[in-house]
Amino acid sequence: MAFEENVYDLRRDKLKQIEALGQESYPRRYDFTHTAAQIISEYSLKTGEELDAARVVVRVVGRIMAIRQMGKAGFVHLQQGGQRLQVYVKKDAVGEKNFELYKLLDIGDHIGVDGYLFRTRTGELSVHADGLTFLAKDLLPLPEKWHGLTDVELRYRQRYVDLVMNPDVREVFVKRSKLVQSLRRSLDGRGFIEVETPMMHAIAGGAVARPFVTHHNTLDIDLFLRIAPELYLKRLTVGGFDRVYEINRNFRNEGLGWRWNPEFTMLEFYQAYADYREVMQLTMELVEQAALDVNGTTKAKWTLPDGDQEINFALANWRRMTMREAIIHFWPEAAGAKPEMSDFASHESVGALVKRFNSAHSHMAYNPAEPTGKTIANLFEAVAEEHLVQPTVIYEFPAAVSPLSKNKPDEPDWVERFEIFAGKMEIANGFSELNDPEEQRRRFEHQISERERGDDEAHQMDEDYIRALSYGLPPTGGLGLGIDRLTMLLTDSHTIRDVILFPLLRPEKPQSKEPQTPHS
RNA sequence: GGGCGCGUAGCUCAAUUGGCAGAGCAUUCGACUCUUAAUCGACAGGUUGUAGGUUCGAUUCCUACCGCGCCCA
């Protein structure tokens with residue numbers, strides 16, 4: 001491309017011309033009196049006559065998103081904070097030099113404007129410019145104004161452009177922030193304190209997942225990025241923090257998918273002297289309040305292929321059933337008679353259920369060597385998960401898949417654990433915490449035998465955690481809640497990448513051709 | 001990892017059976033002192049993801065690779 005034709009170089013040249021007009025090319029600050037949002041909320045109801053009479057003088061800033069020039073006058077639209085505000089620039093009003101500056105502006109540039117509010121002939125609230133201040137140049141052209149940026153890969157790789165061009169995307173991340181604020185406010189109001197526990201673990205515990213490995217040079221040891229903060233938070237409960245929570249990232253070395261990103265954000269909280277039923281109730285209240293705080297209503301729009309729907313997080317709308325009840329309730333007709341409770345009692349009868357399910361329905365992976373409880377949990381996922389659109393509490397889990405949960409007093413193979421589902425996703429997981437150190441040791445040992453059997457997600461032994469429990473963990477209930485997934489549900493987003501600002505992508509290859517942004 | 005689909009100008013998209021690679025917006029130049037997808041006129045913009053193959057001729061057909069998306073494990 002010839003030098004004169006390169007947009008980047010053309011705009012650098014304009015920047016020099018702007019300097020020649022006496023404007024700084026990269027000024028340090030600009031004092032504005034109003035944000036675009038403030039002007040719109042305060043003056044959008046005022047008539048033109050009222051504005052003329054009041055002569056409201058303002059200084060505003062923003063990124064130029066549209067320019068319409070007509071000889072010796074013109075309009076620009078400034079965008080700031082997701083809002084747009086029109087500015088009228090007339091040569092007679094701003095003077096010769098400012099009008100020269102106006103002609104050197106490009107879509108994407110940042111400017112400051114001082115002037116007064118008025119209404120145009122077509123009625124749009126606008127700023128009548130008295131002066132223009134150049135603030136920063138956009139050297140690379142923004143995407144086209146009608147369609148914006150739609151290329152999925154570019155939207156994620158260049159999220160900064162996505163955020164400039166797509167107000168809906170901006171709104172999703174504003175809502176995500178409101179969600180986190182809501183959860184913090186709810187927990188703080190109930191006497192919880194927020195803590196930060198290590199992100200690098202010598203033993204990756206607290207969940208069933210493969211970790212990422214890293215290395216510390218001075219100590220010359222491998223460390224794992226945490227898969228969950230759980231074991232550290234319970235150590236704090238041993239230490240006397242009766243109500244703690246942490247909102248932070250977890251890392252799991254697994255595939256990417258519409259519900260999975262290798263790093264994701266979890267809320268975990270622990271409440272001493274509470275069991276899983278109290279945690280369940282608190283969680284439902286937190287989620288209901290979060291829906292209200294984010295959307296102003298408990299009803300969240302949730303678009304499915306078979307037509308617009310909504311998910312209602314109002315407490316009255318929640319369903320509750322045990323895992324076994326859910327398998328029975330959602331058992332497909334094609335798989336024959338519904339299971340009986342007794343079918344879950346033996347390894348053989350559970351295996352028979354899987355065979356019946358697989359003969360009639362899509363294939364579910366089954367390994368007869370795995371523990372019965374693990375098969376039941378897998379069967380639940382295969383049978384029921386796709387039906388759980390409205391918020392549903394599934395409780396009573398097999399002990400085999402719950403190495404950190406307390407047993408049911410009447411059924412030792414089952415534990416006091418629940419998960420919350422909505423939008424066909426697991427969004428939360430909570431239980432009565434196992435606080436008997438000797439039982440905990442047996443559970444870890446059982447997990448180790450599972451690891452030897454070939455399950456490389458099985459939990460590892462953590463001697464210090466058992467030592468902590470040996471000092472006495474009070475009866476405690478705890479919860480983990482997926483912030484990303486709850487954000488999806490509250491923003492009608494159907495892939496986790498739309499609620500993570502910078503989702504994991506394969507790194508861009510270094511460009512072999514001329515660089516997009518040539519350096520001088 | 002497997003299956004399907006996609007990759008063309010900065011952006012959004014066309015291109016007949018395999019026959020001269022196009023449009024809109026953005027950019028550049030010109031006109032225009034109330035426009036809002038501003039309008040009007042003119043110019044420019046391409047190694048069609050990469051590397052091979054078939055063919056007189058490939059954006060189009062074939063192979064491999066790279067990247068992305070969707071579904072599945």
[atom1] atoms of [N] and [M], separation to the nearest Å:
N: U39(B); M: G52(B); atom1: P; value: 45 Å
N: G3(B); M: U8(B); atom1: C1'; value: 26 Å
N: C11(B); M: C71(B); atom1: P; value: 26 Å
N: G46(B); M: U50(B); atom1: P; value: 14 Å
N: C61(B); M: A73(B); atom1: C1'; value: 33 Å
N: C20(B); M: A15(B); atom1: C1'; value: 12 Å
N: U27(B); M: C43(B); atom1: C1'; value: 11 Å
N: U47(B); M: A51(B); atom1: P; value: 12 Å

Nearest-Å distance, [atom1] ([X]) to [atom2] ([N])?
X: Leu105(A); N: A26(B); atom1: CG; atom2: C1'; answer: 16 Å
X: Gln69(A); N: C40(B); atom1: CD; atom2: P; answer: 17 Å
X: Tyr116(A); N: C34(B); atom1: OH; atom2: P; answer: 14 Å
X: Ile107(A); N: A37(B); atom1: CD1; atom2: C1'; answer: 11 Å
X: Glu381(A); N: A73(B); atom1: CD; atom2: C1'; answer: 14 Å
X: Arg11(A); N: U28(B); atom1: CZ; atom2: C1'; answer: 12 Å
X: Tyr156(A); N: C70(B); atom1: OH; atom2: P; answer: 7 Å
X: Arg84(A); N: U35(B); atom1: CZ; atom2: C1'; answer: 15 Å

So [X], base contact, sugar-phosphate only, or nothing? Heavy-atom distance under 4.0 Å.
X: Gly255(A); answer: nothing
X: Asp151(A); answer: sugar-phosphate
X: Leu154(A); answer: sugar-phosphate
X: Phe118(A); answer: base
X: Lys90(A); answer: base
X: Arg119(A); answer: nothing
X: Thr150(A); answer: sugar-phosphate

Side chain of [X] only, heavy atoms from C-beta on: which candidate in [options] is closest?
X: Arg506(A); options: G67(B), U12(B), A37(B); value: G67(B)
X: Lys145(A); options: U35(B), A37(B), U27(B); value: A37(B)
X: Trp146(A); options: G24(B), U12(B), A26(B); value: G24(B)
X: Met70(A); options: C68(B), U33(B), U27(B); value: U33(B)
X: Glu144(A); options: G24(B), U33(B), U28(B); value: G24(B)
X: Leu149(A); options: C34(B), U27(B), C11(B); value: C11(B)
X: Glu153(A); options: C34(B), C25(B), C68(B); value: C68(B)

Give me the ring orientation class for His387(A) and Phe330(A): parallel if the planes are under 30° apart, tilted from 30 to 60°, perpendicular past 60°.
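Judged by the thresholds at 30° and 60°, the geometry between His387(A) and Phe330(A) is parallel.
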Please state whether the rings of Tyr116(A) and His128(A) are parallel, tilted or perpendicular, taking 30° and 60° as the class boundaries.
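If you compare the ring of Tyr116(A) with that of His128(A), the planes turn out parallel.
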Residue whose nearest RNA chain B nucleotide is more 5′ - Leu505(A) or Lys91(A):
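It is Lys91(A) whose nearest nucleotide is closer to the 5' end.
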Could you check which nucleotide pairs with [N] in any of the strands shown, counting Watson-Crick or G-U wobble with both distances under 3.5 Å?
N: C20(B); result: none
N: U33(B); result: none
N: G7(B); result: C66(B)
N: G57(B); result: none

Can you confirm if the aromatic rings of Phe421(A) and Phe380(A) lie within a centre distance of less than 6.0 Å?
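They qualify: ring centres under 6.0 Å apart.
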Ignoring hydrogens and angles, state whether a donor on the side chain of Arg59(A) or Thr33(A) is under 3.5 Å from an acceptor on the partner side chain.
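Not at all, the side chains of Arg59(A) and Thr33(A) share no donor-acceptor pair under 3.5 Å.
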Presence of salt bridge, Arg176(A) and Asp484(A), under 4.0 angstrom
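Looking at Arg176(A) together with Asp484(A), the answer is yes, because their closest N to O distance falls below 4.0 Å.
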Measuring from Thr375(A):OG1 to Met364(A):CE, what's the distance to the nearest 0.5 Å?
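One finds 6.0 Å between OG1 of Thr375(A) and CE of Met364(A).
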In sequence, state the C-alpha distance, the side-chain angles, and the governing distance for Trp414(A) and Ile376(A), and then conclude on side chain to side chain contact (heavy atoms under 4.5 Å, CB included).
CA-CA 11 Å; Trp414(A) 295 80; Ile376(A) 295 173; 3.9 Å; yes
Could you please spell out the steps behind the side chain to side chain contact (heavy atoms under 4.5 Å, CB included) verdict for Thr120(A) and Gln86(A)?
CA-CA 10 Å; Thr120(A) 62; Gln86(A) 184 171 256; 3.5 Å; yes
Can you see if the side chain of Arg155(A) gets near the phosphate of C68(B) - specifically, an N or O under 4.0 Å from OP1 or OP2?
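It does not, given that no N or O in the side chain of Arg155(A) lies less than 4.0 Å from OP1 or OP2 of C68(B).
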Does a side-chain N or O from Arg68(A) land closer than 4.0 Å to OP1 or OP2 of A38(B), or not?
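Yes, Arg68(A) has a side-chain N/O under 4.0 Å of OP1/OP2 on A38(B).
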